[in-house]
Every structure is written in structure tokens, then in C-alpha cells.
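For reference, the structure is listed below as C-alpha cells.
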Amino acid sequence: MKTAHYERRKETLYSEVASKLELQIVSGVYKRGEKLPSLRELSRRLGVSINTAREAYGNLEMSGIIRGIPQSGYYVTDHKQGERLSSIERPEYVSDNFLSWYNTMIENSLYPDKSPFACALFDLKVLPYTDRMTLSREEQNRMDIFNYPSPQGLAELRTEIARRSIDAGIMTDPEDIIITEGSMSAIALAVKLHTKPGDTVALESPFYYNFLYLLREYGLKVIEIPTDPAIGMNLDILEFVINRHPVKAVITVPTNHNPLGFTMPVENKKRLVELLQSRDILLFEDDIYGDISFTEKREPACKAFDKSGRMILCSSFSKSLSPGLRLGWMIPGIWKEKILALKTMTNISTALPSQMIALHFMQSGYYDRHLRQLRKKAAERLAELREAVYRHLPSEVKVTDPSGGFILWLTLPGSGDMDRIYEICKEGDMIFSPGRLFSLEGRWNNCIRLSAGYYTPSLEDKIELLGKVIKENWDFSQRSP
């Protein structure tokens, strides 16, 4: 019998083969327009089955890196999508043009009541324990809102977070945790402390688009590392890049990634940490979706393998409890005192009522029960949305199968006008996140991100509309020349 573990291992195997091939293409072993080994030859060279070789080539073809020609074989693309192959040689600043377009897109996708498919939030109000997010009269009376709370955050809240960190394989002391105003605030502190204008930061691609806005504000250059939807960042290419560029830091979302939904395998997380520590490169880990895993026990964070204390983990309650609390935390390792001084200078301390509400919810035992319901409901909504996508979108569309979170990533092979698809759907009140939001270089213009966080069967007509518009404006038979 083929188990889920078997299927996951199979998927990981062909992803690993695809990653090795992509490195060979990036490093010039195979040049643009050049023919690749046949399936039989690739199978023999790498000691894998022909089906695994075929799946690996399929992965690369869906990304626009190679193209298949019937009765001829597979070739490295020479279409402009192939620019992604050389982009790792050119770290780039975030342009004003990108920001202008980004601002327009974000304005259309902040509110789940208007754009449920574009807003990366879960409808937490439908979960049974959220009405317990209140403070008793006694708790309110002992909350001193007329003085600044500790810049580091409430000691009791830090203790609760330290206890929960064991689930991610992290043994930490409450004194090593800093409370922040969300995960992005924590990452901003880390970036501000460790970089200067002109430095280069590596991001997995596709990446969470708000990272670009942050890096733009600090005058940093960006280099995009190709990322596989099953195993995450291509570590072979990352190593290739850091051997050629003075990369200052790497930002990653390795657990229940936004937008691809993967969780990086444990051995890859270990390798990533060891690789960066051996080169004295900082790792900023965004673990904001870490608690929304569909497995019984969540995978360890990268931070669990940090022996030097140099990497920084950032997380938040925004996706798991309440975005309105504006409450997150970070485990900054050896940088604690410098980060704390920077935070104090920036905003002194984090709002006390938010900390008290989260603390009450955790100490009362509601948070664990809430998370179990959230994971169950997120898995159900993702499954319902995937089924709707399969019913109404062309069969050629490739859909991710996330390990957690509530985000789907759709890839459309062939060619078409995604901007036109977006505008027509928008007129029908179907707003999604277009793929080029997730790359500075426009790599993912054949992709769509859909959020299942607010999905219900009553919204299936919007998926039907998306399918209709795609069928009318996308040519799946057209391959890159």
C-alpha cells in the first residue's frame, strides 16, 4: 500500500533531481537553447526511475526553465522567462515602479470581506474559542496602562511562548525572547540591525511580497533563490550564489511557506543553518505559519539547529489568533541586547492590553484547543477550495498541496495575459493575488495565489468565474519558443 509518507518521499525525490538540474543550468553546464539528456539517460546517470526523471523535468518546465518539444526532447528555454536563470548574477534594488504597482495590488487585497481570495488571513471568528479573548475585571484592574510596560514584554507571556517553543524543537529561556508588534516588526528590527544600504539579502522565490517593501526602505539589494514547491529553497543554488556574492542575510519562511505551502525537510533545514553559519551569513526565519501545520506534531524550526545563537526566529499571533492584536515575538540569540536597545529606541514597548489578552488566552488553556480547531478548519477549507479549483479551472493548471496554512498556489503552463485576467475577474468581484507580486523580477506571471482562509461553498461562483476567464485568455498549448 502506498502511504502518505511514500507519496511525500516520491515528491521530494523528483524535487531533489529538479534542484540538481536547475543548478547545472544556472551554473552554465547547460546553456540556453541546449538540449538536455533524454529521460532514459537522466535516469541512468542519477540512478532514479524514468518516472522520477519525467516528474523532475515537469517541475522545471512548469517554472519556465526548460521546454519540452514532442518527439524531440527537453531544452533549456531561450524565452525571456529564462532571464531567471541569470538573475542570480545580478542583485537588484527594489524599483519605484514595482512599489507603485505593489501599492495598487495591496490596496485591493487588505480586506477579506471585499477580497477573500487575496487576503492571507483566516476567518478566526468562526472558531469556537475566540469569544474567550477577554479580560476579567480583576485582570483589567491590575493592568497598569498609565505606565510603559517592559520593552522586552510581559515576563509571563514570554514564559508561555518559551514553553510552546519546545514544539518547534527550540529550547529557550523567557529572558531570551522579545515581544514585538507582529512578525514583520521583528524582521524589520533584525534587518535594520544587521544591514546597511547596498548590502545584498537573499530571498526564496516566490516570497512574501512585504519583504520587498521592507528591503526597499533600508536601501538593500535583493537576490532571488529558486524554490521548489515540495522541498523549499534550492540550497545548491544558494551555495552557488553565496560563493559569488557578499550576501549579508537570508530571509526564509521554511515551515508552511507563503505562498507555496511547503515545509522544508528537516535535513534541508539543518543544511541551511550549517551552510550559513559556516559563511557567517545571518538567517532570519519567519515562523508565522509554524503553528498551523496539518500533521499531529509540527516540524522543527530552523532555529532548532542553531548552535551559534546567531540566527533570529520571528513569529506572530496574527495568523493563528488575531491580526488586530498586532502581537509577535522574536528569539534573537546573541543579538538580544542590541535588538532590545533598537526596539526601545523605536517604540519603547509593545501595547499592554494586547499582551494581557494573549496571556490570558494561553494561561487559561484555550490556545491549544483553539489551535486544534484552527488546523482542522484550515485543512477543510483548503480541501474545499482545491476541489472547486479542480472542478472549474482547466485540468492543465497545477495546484499545490500545502503541509499547513491556508494558501494555494496555482501555476498555468503556456502563455496568456495575466493582467487582463486579473482586471476581468476584479470587475466580477473576484480579486486574487497575481504571481508577479511575489518576485522582484516578474518570474511568476503565470501563477496565482488564492487564500482559503475565508472560503465557503457560497464563494464557488467566484472560482467558476476565474476558470471561465482563464479559459478565454490563456493558451495552454502555447509553449515558450
Side-chain angles (χ1 to χ4, degrees), residues 7 11 55 58-59 61-64 105 108-123 126 206 229-230 256-262 292 294 376-438 443-480:
E7 295 297 336
E11 185 179 47
E55 292 282 3
N59 257 21
E61 189 174 16
M62 294 295 287
S63 299
M105 293 293 104
N108 293 326
S109 61
L110 283 178
Y111 308 105
D113 56 332
K114 296 180 180 178
S115 51
F117 295 104
C119 190
L121 290 174
F122 194 87
D123 186 6
V126 305
N256 305 323
H257 179 266
N258 176 13
L260 294 181
F262 65 82
I292 316 177
F294 301 152
K376 178 182 177 182
K377 197 67 177 178
E380 290 175 355
R381 290 196 170 187
L382 266 177
E384 291 172 349
L385 179 55
R386 289 181 93 235
E387 289 171 5
V389 167
Y390 286 138
R391 276 195 293 272
H392 298 294
L393 270 65
S395 59
E396 295 90 345
V397 175
K398 187 173 182 180
V399 187
T400 53
D401 186 10
S403 62
F406 39 83
I407 299 296
L408 285 184
W409 184 254
L410 281 52
T411 303
L412 284 59
S415 63
D417 189 343
M418 187 60 74
D419 288 344
R420 177 172 171 78
I421 291 172
Y422 178 85
E423 291 300 328
I424 294 175
C425 285
K426 181 181 172 184
E427 291 175 4
D429 294 325
M430 197 299 167
I431 299 177
F432 57 82
S433 298
R436 67 183 176 114
L437 257 179
F438 302 83
R443 292 183 183 183
W444 308 106
N445 205 30
N446 65 322
C447 298
I448 291 171
R449 190 192 76 171
L450 297 178
S451 172
Y454 277 76
Y455 184 74
T456 63
S458 64
L459 292 172
E460 186 167 349
D461 62 318
K462 302 301 181 185
I463 300 299
E464 185 176 4
L465 170 64
L466 175 62
K468 178 176 181 294
V469 176
I470 287 175
K471 290 172 186 175
E472 293 173 351
N473 292 275
W474 199 269
D475 184 357
F476 290 96
S477 66
Q478 182 67 41
R479 301 288 184 181
S480 299

### Task
State, yes or no, whether a side-chain contact exists between M418 and L412 at a heavy-atom distance under 4.5 Å.
yes
### Message
Under the criterion side chain to side chain contact (heavy atoms under 4.5 Å, CB included), I'd like the reasoning laid out for V469 against E427: C-alpha separation, chi angles, the key distance, then a yes or no.
### Response
CA-CA 11 Å; V469 176; E427 291 175 4; over 6 Å; no
### Message
Tell me if a side-chain donor or acceptor on K462 pairs with a main-chain N or O of G428 at a distance below 3.5 Å.
### Response
yes
### Task
Can you see which heavy atom on L385 is nearest to which on A452, and at what distance?
CD2-CB, 3.7 Å
### Message
Show the nearest heavy-atom pair for residues F262 and S403, with the distance to one decimal.
### Response
C-OG, 3.6 Å
### Task
Using atom types as modelled and distance alone, determine if a side-chain donor or acceptor of R436 lies under 3.5 Å from a backbone N or O of N445.
no
### Spacing of N473 atom CG and E423 atom CD [to the nearest 0.5 Å]
12.0 Å
### Between CG on residue D429 and NZ on residue K114, distance to nearest 0.5 Å
10.5 Å
#### Entry: Rounded distance (nearest 0.5 Å) linking atom CG of N258 with atom CZ of F438
6.0 Å
### Message
How close do A120 and I407 get, counting heavy atoms only, and between which atoms?
### Response
CB-CD1, 4.0 Å
### Message
Strictly distance-based, threshold 3.5 Å: is any side-chain N or O of R386 a donor or acceptor partner for the main-chain N or O of T400?
### Response
yes
### Query
Would you say P394 and I470 make side-chain contact, with heavy atoms under 4.5 Å?
yes
### Pairwise distance CZ(F122) to NZ(K377) - rounded to 0.5 angstrom
7.0 Å
### Message
Around atom CZ of R391, are there more than 12 heavy atoms from other residues, nucleotides or ligands closer than 6.0 Å?
### Response
yes
### Query
For C425 and L465, which heavy atoms make the closest approach, and how far apart are they?
O-CD2, 4.2 Å
### Task
Find the distance between CG (L459) and CZ (R381) and round it off to the nearest 0.5 Å.
9.0 Å
### Message
I need the minimum non-hydrogen distance between P229 and L260, along with the two atoms involved.
### Response
CA-CD1, 4.0 Å
### Query
Cut-off 3.5 Å, side chains only: do S415 and D475 have a donor facing an acceptor?
no
### Side chain S433, main chain L450, donor-acceptor under 3.5 Å
no
### Query
Do the side chain of R449 and the main chain of F432 share a donor and acceptor less than 3.5 angstrom apart?
no
### Query
Which heavy atom in I431 sits nearest to a heavy atom in F117, and how many Å separate them?
O-CB, 3.5 Å
### Message
Run the side chain to side chain contact (heavy atoms under 4.5 Å, CB included) test on Y455 and E460 for me, step by step, so that the C-alpha distance in whole Å, both residues' side-chain angles and the decisive distance to 0.1 Å come before the verdict.
### Response
CA-CA 8 Å; Y455 184 74; E460 186 167 349; 3.5 Å; yes
### Message
Between N256 and F294, is the side chain to side chain contact (heavy atoms under 4.5 Å, CB included) condition met? List the steps.
### Response
CA-CA 9 Å; N256 305 323; F294 301 152; over 6 Å; no
### Query
Below 4.0 angstrom, N of the basic side chain to O of the carboxylate: do K468 and E472 qualify?
yes
### Query
Are any side-chain N or O atoms of W474 and backbone N or O atoms of P413, one a donor and one an acceptor, separated by less than 3.5 Å?
yes
### Task
Please test S451 against F406 for side chain to side chain contact (heavy atoms under 4.5 Å, CB included), starting from the C-alpha separation and ending with a verdict.
CA-CA 6 Å; S451 172; F406 39 83; 3.9 Å; yes
### Query
How many angstroms lie between NZ in K471 and NE2 in H392, if you round to the nearest 0.5 Å?
8.5 Å
